[in-house]
Amino acid sequence: MSSYSHLFQPERIGKIEIRNRIVRAGTSETMAGDSGEVTDQLIELYETLSRNLVGLIITGHLYCHPRGQYAHHQTGIYDDSLIPGLRRLTDAVHRHGGAIFAQLAHAGSQSRVPGQMPVAPSPVPNALTGRPVAEAGEDEIQEAILAFGSAAARAAEAGFDGVHIHGANGYLISEFSSPLPNHRDDGWGGSVARRDRFAYEVVRAVREAVPSEMPVTMKLGMFDAAPGGLTIDEEAGRASRLVAEGLDAIEVSCNVMQRPTDSARKYVAVGPRRALLDWLPQRVFSPPPAEAYFADAARALRGHVDCPIILVGGMRRRETMERILERRDADFIAMARPFIREPDLVRRLAEGGDVVAACTSCNLCLTHESHHSLRCWRVPRQRLLEHAWYRLRGGFNVTFTPRSH
């Protein structure tokens with residue numbers, strides 16, 4: 001094992017001990033069946049991560065209600081019929097000593113499913129997609145909250161070690177929390193306290209639906225990408241109140257987005273050598289963007305909550321990860337894109353040495369979401385040609401027919 005003292009120390013989230021401080025952050029896989037059911041391909045992906053010593057795996061966003069589906073072939077947790085497949089998934093992770101949390105999500109106005117009737121706090125076109133929406137009625141709001149609670153109960157029955165609520169990146173909880181998409185002037189908006197309410201009600205519903213010893217955590221959007229929106233100061237106060245409602249840990253991210261790179265910045269830590277090796281000539285003479293781009297938000301949060309903090313967002317070098325843990329900017333290091341290219345990255349880190357993730361953060365993997373199953377499009381090199389051909393023949397313009405549930 002590594003001589004570094006932080007990355008490979010066990011740490012607890014609630015009553016669950018995680019074997020090391022490395023988390024696979026929730027990553028959309030596009031590997032589910034037509035109705036959101038778990039497939040053998042998805043199980044193989046998760047089993048590979050656990051076999052390669054990832055401490056905690058957070059699933060890709062599992063849609064808790066049919067109207068909360070984000071994209072084609074997203075995994076679902078909206079119906080009891082999906083529990084046996086989800087149980088196979090957790091069993092595969094547990095076989096290799098890993099832990100797995102179910103990430104529960106509702107896409108809100110950010111749904112990309114054609115024909116979908118999205119749920120949104122106000123009739124404000126989605127900032128990322130431009131999709132027009134109607135204002136949710138009281139019954140629709142209560143139905144969404146109930147869906148989170150029901151999904152949490154299914155997660156417990158399916159053998160997940162914890163539940164991770166997706167409250168970031170422009171999805172429904174984010175929208176209620178932000179003054180940009182939430183223009184309501186009733187019990188669900190119009191003041192900070194009333195914009196708090198939807199997130200509180202979801203946390204309460206989830207906490208009540210699972211056993212008391214089961215950790216409940218949350219991915220929290222700490223600030224909006226657009227000016228005039230949610231600020232870190234406001235969200236840090238909200239985080240403190242949510243922890244009082246029963247959260248056991250918080251993962252920091254951005255809130256309402258204007259572009260995908262607001263949460264997944266490109267070319268992190270890509271210097272001239274990596275640029276040449278990975279056929280990125282435009283980056284050879286460009287300085288690499290900084291790592292740990294949400295670290296300031298994590299540090300701000302530390303002064304408001306007494307629970308573990310999970311930091312995602314551009315950690316690529318072992319030195320960076322160790323420094324973050326040593327300074328207690330965060331308690332866990334989460335990565336998403338690096339594990340797509342290197343599912344054995346934790347094993348490499350455990351062997352010691354000056355390890356740098358090979359991921360270039362080019363975001364081709366995100367571009368293919370809902371079109372192809374999760375993969376790195378830079379290796380093998382043939383995939384770059386496949387990507388170019390798919391793009392040239394208009395594959396990204398294809399829309400998928402919605403399906404009934």
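Side chains included, hydrogens not; waters and symmetry mates left out as well; all remaining heavy atoms used.
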Problem - Heavy-atom side-chain proximity of Y63 to T75 below 4.5 angstrom - result: no
Problem - Side chains of L104 and H166 in contact at under 4.5 Å (non-hydrogen atoms) - result: no
Problem - Carboxylate-amine/guanidinium contact R299 D296, below 4.0 Å - result: yes
Problem - N20 side chain to Q9 backbone, donor-acceptor under 3.5 Å - result: no
Practice task
Report the residues that fulfil side-chain hydrogen bond (donor to acceptor under 3.5 Å, both in side chains) with H183, sequence neighbours left out, ordered by chain and then residue number.
Solution key: none
Got a list of side-chain donor-acceptor pairs under 3.5 Å for residues 258-266, not counting sequence neighbours?
{"residue": "D262", "atom": "OD2", "partner": "Q258", "partner atom": "N", "Å": "2.7"}
{"residue": "D262", "atom": "OD2", "partner": "R259", "partner atom": "N", "Å": "3.0"}
{"residue": "S263", "atom": "OG", "partner": "P260", "partner atom": "O", "Å": "3.4"}

Exercise for the section: Without swapping roles, check the side chain of T27 against the backbone of A25 for a donor-acceptor pair under 3.5 Å. Expected result: yes
Handout entry: 4.5 Å side-chain heavy-atom contact, V113 and H72
Key = no
Exercise for the section: Can you tell me which residue pairs pass the ring pair (Phe, Tyr, Trp, His ring centres under 6.0 Å) test with a partner in residues 12-31, sequence neighbours excluded? Expected result: none
Exercise for the section: Decide whether T59 and Q103 meet the rule of one side-chain donor and one side-chain acceptor closer than 3.5 Å. Expected result: no
Practice task
Indicate yes or no: at least one non-hydrogen side-chain atom of E143 is less than 4.5 angstrom from one of V119.
Solution key: no
Completion exercise
Sorted by chain and residue number, the salt bridge (Lys or Arg N to Asp or Glu O under 4.0 Å) partners of D196 (sequence neighbours excluded) come out as R238, R241
Practice task
Check for a donor-acceptor pair, side chain of R375 on one end and backbone N or O of S373 on the other, with a separation under 3.5 Å.
Solution key: yes
Problem - Contact list for residues 92-121, test ring pair (Phe, Tyr, Trp, His ring centres under 6.0 Å), sequence neighbours left out - result: none
Practice task
State whether a side-chain donor-acceptor pair under 3.5 Å links E369 with T30.
Solution key: no
Problem - Presence of salt bridge, D331 and R302, under 4.0 angstrom - result: yes
Problem - Those residues that, when tested against R283, pass salt bridge (Lys or Arg N to Asp or Glu O under 4.0 Å) (two or more places apart) - result: none
Handout entry: Exam field: side chain D224 to backbone A226, donor-acceptor pair closer than 3.5 Å
Key = no
Problem - Carboxylate-amine/guanidinium proximity below 4.0 Å for E342 and R348 - result: yes
Problem - Donor-acceptor under 3.5 Å (T129 side chain, R131 main chain) - result: yes
Exercise for the section: Specify the closest pair of heavy atoms between A156 and P211, including all atoms of both residues, with the distance to one decimal. Expected result: CB-CD, 3.9 Å
Exercise for the section: Return yes if a side-chain donor-acceptor contact under 3.5 Å exists between R316 and S361, otherwise no. Expected result: yes
Fill in the blank from the handout: Shortest non-hydrogen pair, V256 vs A127, comes out as CG1-CB, 4.0 Å
Exercise for the section: Could you please spell out the steps behind the salt bridge (Lys or Arg N to Asp or Glu O under 4.0 Å) verdict for R207 and E245? Expected result: CA-CA 8 Å; R207 183 73 272 174; E245 290 295 332; over 6 Å; no
Practice task
Could you tell me whether the side chain of R383 and the main chain of E386 form a donor-acceptor pair under 3.5 Å?
Solution key: no
Practice task
Indicate whether any N or O donor in one side chain lies under 3.5 Å from an N or O acceptor in the other, for S177 and E235.
Solution key: no
Problem - Non-hydrogen side-chain atoms of F8 and R19 separated by less than 4.5 Å - result: no
Practice task
Nearest 0.5 Å please: distance from the CD1 atom of I100 over to the CD1 atom of I16.
Solution key: 13.0 Å
Exercise for the section: Apply the test side chain to side chain contact (heavy atoms under 4.5 Å, CB included) to residues H73 and M31: give CA-CA distance (whole Å), side-chain angles for both, the deciding distance (0.1 Å), then the verdict. Expected result: CA-CA 6 Å; H73 286 309; M31 289 180 177; over 6 Å; no
Handout entry: Test item: E37 side-chain N/O and S35 main-chain N/O as donor-acceptor pair under 3.5 Å
Key = yes
Exercise for the section: Scan side-chain atoms only and decide if Y390 and H368 contain a donor-acceptor pair under the 3.5 Å cut-off. Expected result: no
Handout entry: Partner residues of Q142 under the side-chain contact (heavy atoms from CB on, under 4.5 Å) criterion, sequence neighbours left out
Key = E138, I145, W188, R197
Practice task
Give a yes or no on whether the backbone of N182 and the side-chain of S122 come within a donor-acceptor separation of less than 3.5 Å.
Solution key: no
Exercise for the section: Only counting residues at least two apart or in another chain, list the ones meeting salt bridge (Lys or Arg N to Asp or Glu O under 4.0 Å) with R381. Expected result: D278
Exercise for the section: Would you list the pairs meeting ring pair (Phe, Tyr, Trp, His ring centres under 6.0 Å) in which at least one residue belongs to residues 15-48, sequence neighbours left out? Expected result: none
Practice task
Assert yes or no for the condition that the ring centre distance of H65 to F148 is strictly below 6.0 Å.
Solution key: no
Handout entry: Salt bridge flag under 4.0 Å for residues R194 and D186
Key = no
Practice task
Evaluate the criterion side chain to side chain contact (heavy atoms under 4.5 Å, CB included) for residue pair V124 and V133; output intermediate values, then yes/no.
Solution key: CA-CA 6 Å; V124 177; V133 292; 5.6 Å; no
Handout entry: Pair S174-N255, side-chain hydrogen bond (donor to acceptor under 3.5 Å, both in side chains): steps then yes or no
Key = CA-CA 6 Å; S174 299; N255 200 57; 3.2 Å; yes
Practice task
Let me know which of L49, D344, N52, L45 forms a side-chain contact (heavy atoms from CB on, under 4.5 Å) with F339.
Solution key: L49
Practice task
Determine the interplanar angle of the F198 and F176 rings, folded into 0 to 90°, and report it as parallel if under 30°, tilted if 30 to 60°, perpendicular if over 60°.
Solution key: parallel
Problem - Heavy-atom neighbours of Q282 CD exceed 12 at 6.0 Å - result: yes
Problem - Stepwise side chain to side chain contact (heavy atoms under 4.5 Å, CB included) check, F332 with I13 - result: CA-CA 10 Å; F332 290 88; I13 296 179; 3.7 Å; yes
Handout entry: R391, CZ atom: more than 12 neighbouring heavy atoms under 6.0 Å
Key = no
Problem - Polar side-chain atom of R95 near backbone of S50 as donor-acceptor pair, under 3.5 Å - result: no
Practice task
Ignoring hydrogens and angles, state whether a donor on the side chain of T231 or D233 is under 3.5 Å from an acceptor on the partner side chain.
Solution key: no
Handout entry: Residue pair M315 / I324, side-chain heavy-atom distance below 4.5 Å
Key = yes
Exercise for the section: Answer whether the closest heavy-atom distance between the side chains of T367 and W377 falls below 4.5 Å. Expected result: no
Practice task
For side chain to side chain contact (heavy atoms under 4.5 Å, CB included), just list the numbers for I22 and L7, CA-CA rounded to whole Å, side-chain angles, deciding distance to a tenth of an Å, and then say yes or no.
Solution key: CA-CA 7 Å; I22 303 171; L7 275 174; 3.8 Å; yes
Practice task
Return each pair, listed once, that meets salt bridge (Lys or Arg N to Asp or Glu O under 4.0 Å) where at least one residue sits in residues 152-179; pairs must be two or more places apart or across chains.
Solution key: D80-R154
Exercise for the section: Could you tell me whether the side chain of L301 reaches within less than 4.5 Å of the side chain of M222, counting heavy atoms only? Expected result: yes
Problem - E140: side-chain hydrogen bond (donor to acceptor under 3.5 Å, both in side chains) partners, not counting sequence neighbours - result: R67
Handout entry: Those residues that, when tested against R327, pass salt bridge (Lys or Arg N to Asp or Glu O under 4.0 Å) (two or more places apart)
Key = none
Practice task
Verify, without hydrogens or angle tests, whether S111 (side chain) and Q69 (backbone) share a donor-acceptor contact under 3.5 angstrom.
Solution key: yes
